[in-house]
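Contents: one structure, followed by commentary.
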Amino acid sequence: MACKTISFLCFCFLFISIDSIVSQDISDTKTDCSNRWIHVRRLPPRFNLDLLANCSEYSLFNNFCPHLANHGLGPRTHNKSQSWYRSNPLLLELIFHHRMLEYPCLTSDPNQANAIYLPYYAAIDALRYLYGPEVNNSMEHGLELYDYLQDNEGWIWSRNHGADHFLVMSRPAWDFSQAVDVDPPIWGTSFLELPEFYNVTVLIVEGRAWPWQEQAVPYLTSFHPPNLGFLESWIKRVKVSKRTTLMLFAGGGGVGSTPNIRRSIRNECESSNFSSNSDIYVNNGEGFDYPKTRKVCDIVDCSNGICEHDPIRYMRPMLQATFCLQPPGDTPTRRSTFDGILAGCIPVFFEELSAKSQYGWHLPEEMYRDFAVFIPKEDVVLKGLRILDVLTGIPRNEVLRMREKVIELIPRVLYRKHGSSSGLRARKDAFDIAVEGALQRIDSRLKASDFDQ
């Protein structure tokens, strides 16, 4: 595969060539591939790799060229870092593509496949409709891909009307949900509203509440360990970290006059904080006392995107916090939810759409009471409920148990580095769980439908 010159960067993938993937099976003889076969659909580079050439084209969107380094993981946080990168969440599609080409049960025969993966960088392609010259044609997003799938080996698509296909989208569903007939166009493209793609399983960082085909998967964080040793070392650090802050909010917003949950959080933090020299003890009424804490509440101001590619700015405070507040913003979900879990910080949600009804594959809904706190935002904003009162009412032994559950989730929400060690590959990460879930959903869909075979 030839290098593609992208501004200052000659970005040459060390991917296994897609041409070689479709010409041979690469399953490991030790791997049980029963009901796990996946065929990677051959797409012209205009649907994936060529889109990366536009990484600096949109003045209203951040230049993501520097984050193409290290095969899309981004620059290392420092020269000696082996696991931490300045990753851009937009590049989840690229990371997923790379990892898919390492998947042990790939087949060149679509007839053998249990699922078909479309390596289409939908969110990156959407930038030309959201921020570029095609803004008035956003209802056409995806039609070129559909035409290609129909015109080239169209039988692969038509045999199940696309129901055995899946793809990844690294922006919230809201960005792809504009009604096709809206005139003039509003924010977003119409990809998820096109009837042509109604049967496709979509792995997306935030789904809507109703479409069956959308399944939320974790946002791309900055932690990508290459082997089991680095993962275990990080988990050990999380376990021994001293939690000197009771609750933390890392984010922006909440500075205007309009009542909302972020404003309420900022107001409560400012009014309830003790000085850094004061220790607090909180009795929860059941005989337990919280350990000495220097701060009741801490805020890491991430306004104007200053935290987006600087994990050190927020990961260190998260390691020191017992609870991480995860209020909704423009949309219900946040990458910060997964940053906090990596830090062993117990998430506090204010909407069920922020996680509970989203990430059922990675954060099982029946486990939420074991690792998370839920406080309805209406109770805080409209009824004056203090977040501090809720959190300090949780017995200390329960807090310790919840933190243990959060730490157990760490491997499930990270995307390990490509080419990782066999020991680490034995632990399912966010990619593995997403692919397994997609296979199961597609299998159930095909069994429940009357598609002609």
Side-chain angles (χ1 to χ4, degrees), residues 16 26-36 38 70-73 81-85 87 89 92 95-106 115 117 168 203 205 215-241 311 315 318-319 335 337-347 355 359-368 370-372 401-441:
I16 302 171
I26 65 166
S27 64
D28 187 330
T29 56
K30 297 180 181 179
T31 301
D32 181 7
C33 291
S34 302
N35 301 315
R36 297 179 58 207
I38 294 178
N70 295 304
H71 313 293
L73 297 179
S81 175
Q82 298 295 317
S83 301
W84 289 92
Y85 299 82
S87 301
L92 176 60
I95 300 301
F96 208 96
H97 186 188
H98 198 166
R99 285 287 305 279
M100 184 55 70
L101 297 182
E102 297 179 347
Y103 180 70
C105 297
L106 294 182
Y117 166 61
V168 178
L203 308 181
V205 293
Q215 174 60 46
V217 298
Y219 283 84
L220 188 69
T221 65
S222 292
F223 183 51
H224 311 287
N227 59 50
L228 189 58
F230 281 104
L231 173 60
E232 291 179 339
S233 177
W234 173 254
I235 291 177
K236 181 178 180 180
R237 179 180 177 184
V238 171
K239 287 181 176 179
V240 301
S241 182
M315 288 303 297
M318 285 180 170
L319 281 168
R335 169 184 170 174
T337 294
F338 302 100
D339 295 323
I341 290 174
L342 290 178
C345 189
I346 300 168
Y359 305 103
W361 294 352
H362 297 79
L363 307 176
E365 188 171 340
E366 65 274 11
M367 291 177 53
Y368 264 77
D370 297 332
F371 69 84
R401 179 183 56 78
M402 293 176 75
R403 185 182 304 144
E404 290 177 358
K405 289 295 183 181
V406 171
I407 293 172
E408 289 176 7
L409 292 171
I410 290 176
R412 300 176 63 88
V413 302
L414 63 83
Y415 294 89
R416 64 177 180 263
K417 187 177 182 181
H418 51 272
S420 57
S421 68
S422 58
L424 185 56
R425 291 199 301 272
R427 304 276 294 269
K428 291 182 180 179
D429 73 340
F431 169 87
D432 296 321
I433 294 170
V435 171
E436 183 179 274
L439 284 164
Q440 292 175 355
R441 176 165 293 184

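At a threshold of 4.5 Å between non-hydrogen side-chain atoms, the residues Met100 and Leu106 count as touching. No side-chain heavy atom of Pro226 sits under 4.5 Å from any side-chain heavy atom of Ser421. The shortest side-chain heavy-atom distance between Arg416 and Arg427 does not fall under the 4.5 Å cut-off. The closest side-chain heavy-atom distance from Ile407 to Phe371 is not below 4.5 Å. For the pair Leu424/Pro225, a side-chain contact is recorded, criterion being any heavy-atom separation below 4.5 Å from C-beta on.
Evaluation of the side chain to side chain contact (heavy atoms under 4.5 Å, CB included) rule for Asp370 yields Met367, Arg401, Lys405 as partners, not counting sequence neighbours. For the side-chain hydrogen bond (donor to acceptor under 3.5 Å, both in side chains) test, residues two or more places apart in sequence or in another chain that qualify with Ser222 are Arg335. Listed by chain and number, the residues in a side chain to side chain contact (heavy atoms under 4.5 Å, CB included) with Ser241 are Arg243, Leu319 (sequence neighbours excluded). Under the rule for a side-chain hydrogen bond (donor to acceptor under 3.5 Å, both in side chains), the partners of Ser34 that lie at least two apart in sequence or sit in another chain are Asp32. Partners of His418 by ring pair (Phe, Tyr, Trp, His ring centres under 6.0 Å), not counting sequence neighbours, listed by chain and number: His71, His98. With sequence neighbours left out, Arg412 forms a side-chain hydrogen bond (donor to acceptor under 3.5 Å, both in side chains) with no residue at all. Shown here are the ring pair (Phe, Tyr, Trp, His ring centres under 6.0 Å) partners of Phe431, two or more places apart in sequence or in another chain: Phe96. Partners of Thr221 according to the side-chain hydrogen bond (donor to acceptor under 3.5 Å, both in side chains) rule, which considers only residues two or more places apart in sequence or in another chain, do not exist here. Residues satisfying the side chain to side chain contact (heavy atoms under 4.5 Å, CB included) test with Ala115, not counting sequence neighbours, are Ile38, Phe166, Leu439, Ile442. Remark: Glu436 pairs with Lys428 by the salt bridge (Lys or Arg N to Asp or Glu O under 4.0 Å) rule, at least two apart or across chains.
Residue Met318 comes nearest to Cys345 through the heavy atom pair O-CB, 3.8 Å, listed as atom of the first residue, atom of the second, then distance. Heavy atoms only, all atoms of each residue included: Val217 and Ala434 are closest at CG1-CB, 3.9 Å.
Relative ring orientation between Tyr219 and Phe338 is described as tilted, the plane-to-plane angle lying within the 30° to 60° band.
With hydrogens and angles ignored, the 3.5 Å screen pairs a side-chain donor or acceptor of Tyr415 with a backbone N or O of Pro218.
Electrostatic pairing of Asp432 and Arg425 does not count as a salt bridge here, judged by no charged N lying under 4.0 Å from a carboxylate O.
Summarising the geometry, atom CD belonging to Glu102 is positioned 11.5 Å from atom NE2 belonging to His97; distances are rounded to the nearest 0.5 Å.
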Please report, to 0.1 Å, the donor-acceptor pairs under 3.5 Å made by any side chain of residues 230-239, with sequence neighbours excluded.
{"residue": "Trp234", "atom": "NE1", "partner": "Leu342", "partner atom": "O", "Å": "2.8"}

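For the residue pair Ser87 and His224, a side-chain donor N or O sits within less than 3.5 Å of a side-chain acceptor on the partner.
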